[in-house]
Amino acid sequence: GATVVSETYDHDHDHSDFEEPHRTVRFSVAVDPSARRKGVARNLIQNIINSFQGSTIEAWVVNPHMVPLLESLGFDGYNGPDDPFMTLYT
């Protein structure tokens, strides 16, 4: 399944009273080995993207094999285990 690990809001003081603070959503996806290569992860991630339009979405890459899938969905910025997050700006 997918878990939204954290959801934060940028409460920068430069926002006007009428502007919404920017939201960042961080998630991770784990798929049971028996369910892999069946589109489960793609569907979960696409649902997260659709649910959090207008947000910065960060994928916490716990399995480097997820990088090509995340890149195909528009995520960028994986730099290995020391910086395991990929970002999509929606």
Side-chain angles (χ1 to χ4, degrees):
T3 301
V4 174
V5 177
S6 67
E7 184 176 355
T8 61
Y9 292 88
D10 175 10
H11 292 286
D12 188 330
H13 296 295
D14 293 336
H15 290 281
S16 73
D17 291 337
F18 301 104
E19 186 178 340
E20 290 287 326
H22 185 80
R23 175 171 52 185
T24 299
V25 176
R26 182 173 284 176
F27 76 93
S28 182
V29 172
V31 177
D32 186 272
S34 66
R36 291 183 183 156
R37 312 280 317 150
K38 297 179 182 175
V40 173
R42 178 177 294 278
N43 288 336
L44 288 169
I45 296 167
Q46 192 61 60
N47 283 332
I48 291 168
I49 293 168
N50 293 342
S51 296
F52 294 101
Q53 285 296 310
S55 303
T56 299
I57 303 174
E58 295 181 342
W60 180 14
V61 180
V62 294
N63 179 348
H65 292 103
M66 290 289 294
V67 171
L69 170 60
L70 291 164
E71 288 176 335
S72 76
L73 292 168
F75 287 83
D76 188 28
Y78 182 69
N79 294 311
D82 291 335
D83 183 13
F85 296 99
M86 295 182 75
T87 304
L88 175 68
Y89 300 97
T90 63

Checklist entry - Taking I49 as the fixed residue, which of L88, V25, L44 is the one that meets the side-chain contact (heavy atoms from CB on, under 4.5 Å) rule? => result L88

Checklist outcome for this item: CG of N43 to CD1 of I48, rounded to nearest 0.5 Å, is 11.5 Å

Donor-acceptor contacts, no H, no angles, side chain residues 73-82, under 3.5 Å, sequence neighbours left out:
| from | atom 1 | to | atom 2 | distance (Å) |
| --- | --- | --- | --- | --- |
| N79 | ND2 | G77 | O | 3.2 |
| N79 | ND2 | D83 | OD2 | 3.0 |

Checklist entry - Would R23 count as a cation-pi partner of F52, with NZ or CZ less than 6.0 Å from the six-membered ring centre and within 45° of the ring normal? => result no

Checklist entry - Side chains of T90 and I57: does their closest heavy-atom pair fall under 4.5 Å? => result yes

Checklist outcome for this item: Nearest heavy-atom contact between V62 and V29 is CG2-O, 4.3 Å

Checklist entry - Between M66 and M86, is a side-chain contact (heavy atoms from CB on, under 4.5 Å) present by the stated rule, with each step listed? => result CA-CA 10 Å; M66 290 289 294; M86 295 182 75; over 6 Å; no

Item to check | Rounded distance (nearest 0.5 Å) linking atom CZ of R42 with atom CG of L70 | outcome: 9.5 Å

Checklist entry - For F85, does the CZ atom sit with more than 12 other heavy atoms under 6.0 Å from it, leaving out its own atoms? => result yes

Item to check | Worked check of side-chain contact (heavy atoms from CB on, under 4.5 Å) between V61 and V67 | outcome: CA-CA 7 Å; V61 180; V67 171; 4.0 Å; yes

Checklist entry - Between atom OG of S51 and atom CD of Q46, what is the distance when rounded to the nearest 0.5 Å? => result 10.0 Å

Checklist entry - Which atom pair, heavy atoms only, marks the closest approach of A41 to L69? => result CB-CD2, 3.8 Å

